[in-house]
Amino acid sequence: MEKKNHKYVYIAGFGIIALLVLCTLAIGANNGSEFGGSDDQGGSVIEEVSDSFDGPWWNGIYGDYEIPGETESMLFALQAAIGAIIIGFFIGYVYRGKRDEKINLKSEKEDKVKE
């Protein structure tokens, strides 16, 4: 497959993924779904099931201190950035490996031609 065809395959793949995400969000919005965390949902279910639920069994290292929302958002964004860096590193590593392999094959062919 030519390099130009790879570009169209990637564009088509990203388009299909974007279309699936948009369809999922549209279906979720029509059904009245709300985005929420699993911690909140799990906590509400526990409170419904058990009347004797007295709260979490451990309050963390700092006790009953709750991190401000902005700090939580920053930590979440930091986590996403670190994940993106790791994924980008592996994509770059694989791409570089393939590029180096092509360069080595090309130089070997040139060396054979010179001999």
Checking one residue: I82. Which other hydrophobic residues are in its cluster under the side-chain 4.5 Å linking rule? L78, I86, F89, F90

Going by side-chain heavy atoms closer than 4.5 Å, which hydrophobic residues are tied to I87, directly or by a chain of links? I91

What's the spacing between [X] [atom1] and [Y] [atom2] if we round to 0.5 Å?
X	Y	atom1	atom2	result
L19	C23	CG	SG	4.5 Å
L22	I17	CG	CD1	12.0 Å
L25	L20	CG	CG	11.0 Å
L105	E108	CG	CD	5.5 Å

Side chain to side chain, V9 and H6, heavy atoms closer than 4.5 Å: no

Would you call R96 and R99 a side-chain contact if the rule is heavy atoms closer than 4.5 Å? yes

Checking E110, K109, K102 against K106 for side-chain contact (heavy atoms from CB on, under 4.5 Å), the one that qualifies is E110

With a 3.5 Å distance limit and no angle check, can you tell me whether S50 reaches the backbone of E47 through a side-chain donor-acceptor pair? no

G69 backbone acceptor or donor facing S73 side chain under 3.5 Å: yes

